[in-house]
Chemist: 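Got a structure here, written out as structure tokens. Questions coming.
For ligands, and for the atoms within them, numbers begin at 1 and follow the listed sequence. Predicted model, so just to flag it, every value in this text is computed and none were measured.
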Amino acid sequence: MNQPCSVCVVTGGSLGIGLAVVRKFVAEGYRVFNLDIRGFENSNEAATWIYCDVTDGNAVQLAINDIVSTTGRIDCLVSNAGMHYSATIEDTTPDALDRVFSLNVKGAYHAIRAVLPTMKKAQSGAIVIMASDQALVGKRNSFAYNLSKAALASMAKTTALDYASYQIRANAVCPGTVETPLYHCAIDKYVAESGADKQVVHAEEQAAQPLGRLGQPDEVAALTYFLASDEAKFITGSLHSIDGGYTAQ
Ligand code: NAD
């Protein structure tokens, strides 16, 4: 278990993978701050929610300033907030591309920039970016999302190289299909547009994974925690698949 006073900041920690990450770090003894535009559904979560839209760089900076003035440290950042968007390049309008980039890419950029000065002063820190299997392989009808996740893989590598001399590590997690609200929204949209049966689509999604099932948020949280922990102290600048074998095909 880490020191009880260690501090972890999670973005998008109110639902899905982010919520599982919040709970894992709390269970491991961290003081956890969740930057999200929605609060926890369960008011008993043992973490602090701060209203913060990560697309707004000033808001992220203010939230991080508050955390640092309260705790004096940030040991770990999990940049997780993100959105899905299904469309080909032709069907992706410039506005839609901006929306996906401003959350998936610039949200991570704002959060990383805001925590780095504190981590540099401490000469330590771990950054974990929630990318996707789509950082590694293409998927149909997913132009903007794919592009944004590939950018996050690059962000993990360049951040790792630029800050290794401060003993700050940066890695990306690349989940395959994980059963979260984002997953259900994406297939609900597909079902509404195509008229397909949701149970059939869900079964097809499961069958498309070599392990024959979808991932669960707590499985992604366990890998995220490992990468942030001292067990992973020689791991930096790398991309870590957790996808039931999907990208091994
Ligand atoms: P989700 O939609 O279930 O949860 C996303 C969280 O981000 C929510 O709490 C939401 O309120 C928050 N959020 C949205 N916009 C925000 C903003 N502007 N500022 C702050 N918070 C904001 O998503 P999820 O499925 O848990 O996905 C989490 C991350 O994992 C995303 O980056 C996603 O791309 C990635 N991912 C998910 C899957 C999957 O299959 N679910 C697969 C690969 C990667």
Chemist: Can you tell me if Q249 has over 12 outside heavy atoms packed within less than 6.0 Å of its CD?
Modeler: yes
Chemist: Distance only, no hydrogens: is a donor on one side chain within 3.5 Å (strictly under) of an acceptor on the other, for T55 and D53?
Modeler: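 Side chains of T55 and D53: pair found under 3.5 Å.
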Chemist: For C185 and ligand 1, answer yes if some heavy atom of the residue is under 4.0 Å from a ligand atom, otherwise no.
Modeler: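 No heavy atom of C185 comes that close to ligand 1.
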Chemist: Does ligand 1 have any atom sitting under 4.0 Å from a heavy atom of A131?
Modeler: yes
Chemist: With atoms numbered from 1 as shown, which atoms in ligand 1 lie under 4.0 angstrom from a non-hydrogen atom of C52?
Modeler: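 Answer, ordered by atom number: 19 (N), 20 (C).
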Chemist: Which ligand 1 atoms are under 4.0 Å away from a heavy-atom of R38?
Modeler: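 Per the distance check, 11 (O).
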Chemist: Taking the minimum heavy-atom distance to atom 24 (P) of ligand 1, which of T180, I37, V10, I242 ranks first?
Modeler: T180
Chemist: Sequence neighbours left out, what pairs pass side-chain hydrogen bond (donor to acceptor under 3.5 Å, both in side chains) with at least one residue falling in residues 119-141?
Modeler: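 Only D133-K139, Q134-S142, Q134-N146 qualify under side-chain hydrogen bond (donor to acceptor under 3.5 Å, both in side chains).
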Chemist: Using heavy atoms and a threshold below 4.0 Å, how should the contact between C174 and ligand 1 be classified: side chain, backbone, both, or neither?
Modeler: neither
Chemist: Would you say F101 has more than 12 foreign heavy atoms packed within less than 6.0 Å of its CZ?
Modeler: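 For F101, atom CZ is crowded (more than 12 foreign heavy atoms under 6.0 Å).
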Chemist: Pick whichever of M130, H84, M83 has a heavy atom sitting closest to atom 30 (O) of ligand 1.
Modeler: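 Looking at heavy atoms only, the winner is M130.
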Chemist: Got a sec: does the OH of Y109 have more than 12 other heavy atoms crowding it under 6.0 Å?
Modeler: no
Chemist: Atoms of ligand 1 less than 4.0 Å from I17 heavy atoms?
Modeler: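 Atoms satisfying the 4.0 Å criterion: 26 (O), 30 (O), 37 (C).
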Chemist: Which one of P217, G176, S132 has a non-hydrogen atom at the shortest distance from atom 42 (C) of ligand 1?
Modeler: G176
Chemist: Using a 4.0 Å cut-off to any heavy atom of T177, which atoms of ligand 1 qualify?
Modeler: 40 (O)
Chemist: Is there a path of hydrophobic side-chain contacts, each under 4.5 Å between heavy atoms, that joins Y145 and V54?
Modeler: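 Result: no, two separate clusters.
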Chemist: Measure the distance from atom 10 (C) of ligand 1 to every protein heavy atom, then report the residue, atom name and distance (to 0.1 Å) of the closest one.
Modeler: D36 OD1, 3.5 Å
Chemist: Considering only non-hydrogen protein atoms, determine which one is nearest to atom 5 (C) of ligand 1 and report residue, atom name and distance to 0.1 Å.
Modeler: G82 O, 4.2 Å
Chemist: Would you mind listing which atoms of ligand 1 come within a distance below 4.0 Å of any non-hydrogen atom of Y145?
Modeler: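 Answer, ordered by atom number: 33 (C), 34 (O), 35 (C), 36 (N), 43 (C), 44 (C).
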Chemist: List every atom of ligand 1 that sits less than 4.0 Å from any heavy atom of L103, numbering the atoms from 1 in the order shown and giving each element.
Modeler: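 So the atoms of ligand 1 that pass are 15 (N), 16 (C), 17 (C), 18 (N).
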Chemist: Does ligand 1 have any atom sitting under 4.0 Å from a heavy atom of D53?
Modeler: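 It does, in that a heavy atom of D53 comes within the 4.0 Å cut-off of ligand 1.
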Chemist: Answer yes or no: does atom CZ of F40 have more than 12 heavy-atom neighbours from other residues, nucleotides or ligands under 6.0 Å?
Modeler: yes
